[in-house]
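Only this structure's heavy atoms are used, side chains among them; waters, hydrogens and symmetry mates stay out. Naming convention: chains lettered A, B, ... in sequence-line order (proteins, then strands); numbering from 1 in each chain. Just so it is clear, the structure is predicted and the values come from calculations on it, not from any experiment.
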Number of protein chains: 2
Amino acid sequence: MVEHPSRTKLVDAAIDLVRGKGYNAMRVEDVCAAAGVTKGSFFHHFKAKDDLALAAADAWRERARGLCDTVSAARYPDPRDRLFAYLDLRRELIAGELVDWTCFAGTMIQEIHLTHPDLRDACQQSIAEHTGELAALIEAARRRHPVAGDWTADSLALHVQAVIQGALVLAKGRQDPAVAHQALDHLGRYVRQLFAAEGNAA
Amino acid sequence: MVEHPSRTKLVDAAIDLVRGKGYNAMRVEDVCAAAGVTKGSFFHHFKAKDDLALAAADAWRERARGLCDTVSAARYPDPRDRLFAYLDLRRELIAGELVDWTCFAGTMIQEIHLTHPDLRDACQQSIAEHTGELAALIEAARRRHPVAGDWTADSLALHVQAVIQGALVLAKGRQDPAVAHQALDHLGRYVRQLFAAEGNAA
DNA sequence: GACTCCATACCGACTGGTTGGTATGGTCGA
DNA sequence: TCGACCATACCAACCAGTCGGTATGGAGTC
């Protein structure tokens, strides 16, 4: 499997379409049209629609991998500051066209969690992997700074994901990313509060 | 329009099915089977599938209305305590079968926000109304207690909704309501922190 | 109270468009 | 010439929506 431009284009198109209209509303012909190929090509690369979705979930996981590292460790040597910067980044990423800030995995899960267990697990893995990276960052920050309250790095990472996913749902409802920003503002305030305990103001 | 048992059964069945499998995966015949009526009856009461969804959105809004009041004002005279109790209640409501703790409006919005603008607005209204009630409660608590930070009641109400919606998405992904509890625990801690400012410990 | 008239509620076989998937054949590089 | 890659025509299942028909009960008339 060395590149295959058609295949890659199909996967990318599928991700975009799912992010916009969801999985069930996305027809294979839509994907083909968006990718600029025909159905023959589609079913040459994928044996079924679900197969494409699986590939798309993998591609999405790949995209999400290392998102934490986007916030350079060089610029923010302190993991706590890196965590704050990460939250700010996530906030800023929610802007512009809807299809650009929507989460493929979250959209898929909500729609097919009962009907397509294998697909659900693939998408879940994508989220879990990212949450794991975030938890590691939180844990690093925790080791270097005192924190308020009794909580684990895993649970806070989960909470962050929840706020983001929920903010996206609300933003879709209002057709306006601004509501997501409000939620992320509160999240930022909360996390900073947790790490600003006991006279540790930044 | 005085009752109409068949119609009511169809609406209730639709709400359950959407909460489980989503809107597109729900067939008209599924709704009929679940409601114990035939297709003929269905299309007598609703002129299209979308029409049923609209009715279901209304019914859902009705269900959600006054959820804040479930936390009795008599038992919690202080609106701040009522707010805390509300958050606890929301946490406890996420338990048991998936179909019982899922949000109809959130599920719908995520799936049809682009393809069915009218349906999206109906579901959005359901959320907006509930958020409004919550904001009023927050505002009342705010007037009676000093708070930390610079934020509005509306934005905090929105944040609460976001955490809940996001927690549900994560719970669906893991097929386990426990993850939602973790997120709501953090939310509870945050809100209490906001209201516990300046020596106002409960 | 018997009769017509009609509206509402309901039934279930049928239809026609949509759509995931297939069959077949062509092109091009090795 | 073989096989990877892709195009076109086609198929069959699925499903929202239709349509002719039945049952029930209430209003009006004599």
Identify each atom pair where a protein N or O and an N or O of nucleotides 28-30 of chain C are less than 3.5 Å apart, giving names and distance.
none

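Under the ring pair (Phe, Tyr, Trp, His ring centres under 6.0 Å) criterion, His113(B) pairs with no residue at all, not counting sequence neighbours. For Asp88(B), the salt bridge (Lys or Arg N to Asp or Glu O under 4.0 Å) criterion is met by Arg192(B), not counting sequence neighbours. For Arg91(A), the side chain to side chain contact (heavy atoms under 4.5 Å, CB included) partners two or more places apart in sequence, or in a different chain, are His181(A), Leu184(A), Asp185(A). His130(A) is linked by a side-chain hydrogen bond (donor to acceptor under 3.5 Å, both in side chains) to Tyr86(A), Arg90(A), counting only residues two or more places apart in sequence or in another chain. Judged as a side chain to side chain contact (heavy atoms under 4.5 Å, CB included), and not counting sequence neighbours, the contacts of Ala34(B) are Ala13(B), Leu17(B). Evaluation of the side-chain hydrogen bond (donor to acceptor under 3.5 Å, both in side chains) rule for Asp100(A) yields no partner, not counting sequence neighbours. Phe46(A) pairs by the ring pair (Phe, Tyr, Trp, His ring centres under 6.0 Å) definition with Phe42(A), not counting sequence neighbours.
Look at CD on Glu29(B): it is 9 Å from C1' on dA16(D), rounded to the nearest Å. Per the geometry, CZ belonging to Arg27(B) stands 5 Å off P belonging to dC15(D), to the nearest Å. Atom pair Leu17(B):CG and dA16(D):P shows a separation of 12 Å (rounding to whole Å applied). Rounded to whole Å, the distance from OH on Tyr23(A) to P on dT19(C) is 14 Å.
Within the structure, the salt bridge (Lys or Arg N to Asp or Glu O under 4.0 Å) test picks out no pair touching residues 144-163 of chain B (sequence neighbours left out). Among pairs with a residue in residues 106-129 of chain A, those fulfilling salt bridge (Lys or Arg N to Asp or Glu O under 4.0 Å) read Arg61(A)-Glu129(A), Arg65(A)-Glu129(A), at least two apart in sequence or across chains.
Contacts between residues 39-52 of chain B and DNA chain C, defined by a heavy-atom separation below 4.0 Å, involve Gly40(B), Ser41(B), His44(B), His45(B), listed by number.
Cation-pi contact between Lys49(B) and Tyr23(B): present, with separation from the ring centre below 6.0 Å and deviation from the ring axis of at most 45°.
Taking a cutoff of 4.0 Å between a charged side-chain nitrogen and a carboxylate oxygen, Lys21(A) and Asp30(A) qualify as a salt bridge.
A stem is defined here as three or more consecutive Watson-Crick or G-U pairs, each with both distances under 3.5 Å; for DNA chain C these stems are C:1-30 with D:1-30.
Contact check, Ser6(A) against dC5(D): no side-chain N or O comes under 4.0 Å of OP1 or OP2.
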